[in-house]
Amino acid sequence: MPLPNPTKQATAQWTLKFSGPSHTNVPFALYNQREKDHLYYKKRPIGVDLKWSKYAKTEWKFMKCGSPGTSSPIRYDQQLALYNTSYKQYLVYQKRGLGRGINLGWSKKLDTKTCQWVVHGGRAGKPLGPSPVRNVMLFNTVERDYLINKWRPAGVNLRWYRYGVEDQIWDLVKKGVCAASVVSDKAKGACAALKALEEFQKAMGYSHTNPKPPSTPKPTSTTKPPSKV
């Protein structure tokens with residue numbers, strides 16, 4: 001089942017340029033088709049230490065959790081760690097403050113928590129095929145969303161695909177009422193795109209794809225409970 005072009009262009013933005021076969025523990029350059037540049041490690045004053053370069057930086061590896069030193073074909077929907085050979089650390093989800101860039105950071109440890117990246121774009125379990133692997137969707141199992149190129153005022157130009165989409169719109173997707181008259185045209189478009197993505201994920205047999213539940217607002221009342229007698 002193919003993705004509609006607008007959704008595909010918004011999510012399937014990456015090309016993996018391996019220095020050898022498309023295997024774990026084989027270095028590759030991470031090229032973004034929208035930015036038309038390669039993502040690489042570089043110290044920066046705000047946000048995660050990543051920048052863009054027109055030159056291919058073959059400094060990334062996908063690593064298996066249980067056996068990081070081994071090399072085997074990477075398969076779609078296989079949960080892996082994303083290692084940077086320049087910084088010698090793993091790229092992971094990390095919460096950052098407002099105005100501090102995308103919620104990404106680094107970890108020195110390789111464990112089940114570090115293995116939080118999945119390649120989407122083909123049917124689950126199928127090998128990626130020969131390099132370069134184009135139209136890749138990079139999915140993070142902690143954020144449960146796709147890493148994409150998009151402008152931001154601070155930090156590297158990366159965002160999560162569902163950024164800015166209200167929880168109410170995703171709720172409409174679940175209820176199947178995207179076309180309801182009470183929904184604005186803008187919301188209908190976002191709702192339809194998310195619905196198409198959800199159907200594609202199911203057709204491909206992907207796991208870990210349910211979006212994060214909305215955060216529960218903290219109570220604002222300052223009223224103290226009555227004292228015990």
Side-chain angles (χ1 to χ4, degrees), residues 2-17 28-42 44 46-54 56-57 60 62 74 76-82 84 90-96 98-106 116-122 128 132-167 169-170 173 186-187 189-201 204 206-212:
L3 271 172
N5 275 337
T7 309
K8 181 178 179 180
Q9 290 170 7
T11 55
Q13 296 186 350
W14 301 94
T15 296
L16 312 181
K17 301 178 180 179
F28 64 90
L30 188 52
Y31 179 78
N32 186 275
Q33 296 159 191
R34 185 177 184 272
E35 181 73 19
K36 294 182 172 56
D37 275 332
H38 301 82
L39 191 66
Y40 75 109
Y41 170 79
K42 184 73 173 179
R44 63 185 309 141
I46 296 177
V48 64
D49 292 330
L50 292 171
K51 289 191 176 182
W52 300 102
S53 171
K54 64 180 179 179
K57 306 280 187 177
W60 299 95
F62 280 119
I74 297 170
Y76 289 106
D77 206 44
Q78 180 182 5
Q79 200 161 342
L80 299 163
L82 184 53
N84 185 277
Y90 298 90
L91 187 67
V92 295
Y93 177 87
Q94 177 183 303
K95 188 73 174 176
R96 291 182 178 271
L98 186 65
R100 305 299 297 178
I102 189 170
N103 289 337
L104 286 173
W106 301 97
Q116 55 183 243
W117 295 98
V118 174
V119 175
H120 284 173
L128 299 191
V133 185
R134 296 183 174 87
N135 301 324
V136 161
M137 307 161 75
L138 280 182
F139 185 83
N140 184 276
T141 60
V142 177
E143 179 62 15
R144 295 184 228 174
D145 205 352
Y146 293 100
L147 183 66
I148 64 168
N149 165 249
K150 200 168 186 179
W151 180 86
R152 63 184 315 133
V156 65
N157 286 340
L158 292 171
R159 288 192 184 272
W160 302 110
Y161 173 62
R162 291 192 181 95
Y163 174 82
V165 176
E166 298 177 359
D167 297 320
I169 293 178
W170 183 251
V173 174
K186 183 178 179 180
C191 192
L194 289 176
K195 184 64 177 177
L197 182 59
E198 182 193 44
E199 291 174 351
F200 173 78
Q201 291 169 337
M204 294 296 104
Y206 297 153
S207 51
H208 316 292
T209 54
N210 287 335
K212 292 172 73 173

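Just so you know, residue 1 is the first one in the sequence shown, and it goes up from there.
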Using atom types as modelled and distance alone, determine if a side-chain donor or acceptor of [X] lies under 3.5 Å from a backbone N or O of [Y].
{"X": "Arg34", "Y": "Asn149", "value": "yes"}
{"X": "Arg96", "Y": "Leu104", "value": "yes"}
{"X": "Trp60", "Y": "Leu39", "value": "yes"}
{"X": "Tyr206", "Y": "Gly121", "value": "yes"}
{"X": "Thr11", "Y": "Thr7", "value": "yes"}
{"X": "Asn32", "Y": "Trp14", "value": "no"}

Minimal non-hydrogen separation, [X] against [Y], with atom names:
{"X": "Phe62", "Y": "Leu138", "answer": "CZ-CD2, 4.0 Å"}
{"X": "Arg44", "Y": "Val48", "answer": "CD-O, 3.1 Å"}
{"X": "Trp151", "Y": "Arg159", "answer": "O-NE, 3.0 Å"}
{"X": "Asn135", "Y": "Thr15", "answer": "N-OG1, 4.4 Å"}
{"X": "Asn157", "Y": "Trp52", "answer": "O-CZ2, 3.7 Å"}
{"X": "His38", "Y": "Ala29", "answer": "CD2-CB, 4.0 Å"}

Quick one: does [X]'s side chain get under 4.5 Å of [Y]'s, heavy atoms only?
{"X": "Leu194", "Y": "Glu198", "value": "no"}
{"X": "Arg100", "Y": "Ile46", "value": "yes"}
{"X": "Trp106", "Y": "Leu50", "value": "yes"}
{"X": "Gln33", "Y": "Gln9", "value": "no"}
{"X": "Tyr163", "Y": "Ile102", "value": "no"}
{"X": "Asp77", "Y": "Ser207", "value": "yes"}
{"X": "Val119", "Y": "Leu128", "value": "yes"}
{"X": "Leu197", "Y": "Met137", "value": "yes"}

Given the rule in the side-chain contact (heavy atoms from CB on, under 4.5 Å) test, do Trp160 and Asn140 qualify, once you have shown the distances and angles that lead to the verdict?
-> CA-CA 9 Å; Trp160 302 110; Asn140 184 276; 3.7 Å; yes
Considering residues at least two apart in sequence or located in another chain, which fulfil the side chain to side chain donor-acceptor pair (under 3.5 Å) criterion with [X]?
{"X": "Thr141", "value": "Gln79"}
{"X": "Lys8", "value": "none"}
{"X": "Tyr40", "value": "none"}
{"X": "Glu199", "value": "none"}

Check the surroundings of atom CZ in Arg134: do more than 12 heavy atoms from other residues, nucleotides or ligands lie under 6.0 Å from it?
-> no
Lys51, NZ: over 12 other non-hydrogen atoms inside 6.0 angstrom | yes
Could you tell me which residues satisfy salt bridge (charged side-chain N to carboxylate O under 4.0 Å, His left out) with Asp145, sequence neighbours excluded, listed by chain and number?
-> Arg162
Drop me the distance from Lys57's NZ to Leu30's CG, to the nearest 0.5 angstrom.
-> 13.5 Å
Just how far is it from atom CD of Gln13 to atom CG of Leu158, taken to the nearest 0.5 Å?
-> 9.0 Å
May I ask you to establish whether Lys17 and Phe28 are in a cation-pi arrangement, using a distance under 6.0 Å from NZ or CZ to the six-membered ring centre and at most 45° from the ring axis?
-> no
Of Phe139, Trp117, Tyr93, which meets side chain to side chain contact (heavy atoms under 4.5 Å, CB included) against Leu147?
-> Trp117
Does the separation of the ring centres of His120 and Tyr146 fall below 6.0 angstrom?
-> yes
Tell me, please, which residues at least two apart from Ala10 pass side-chain contact (heavy atoms from CB on, under 4.5 Å).
-> Tyr161
Chi angles and distances behind the side-chain contact (heavy atoms from CB on, under 4.5 Å) call for Gln116, Val92 = CA-CA 7 Å; Gln116 55 183 243; Val92 295; 3.6 Å; yes
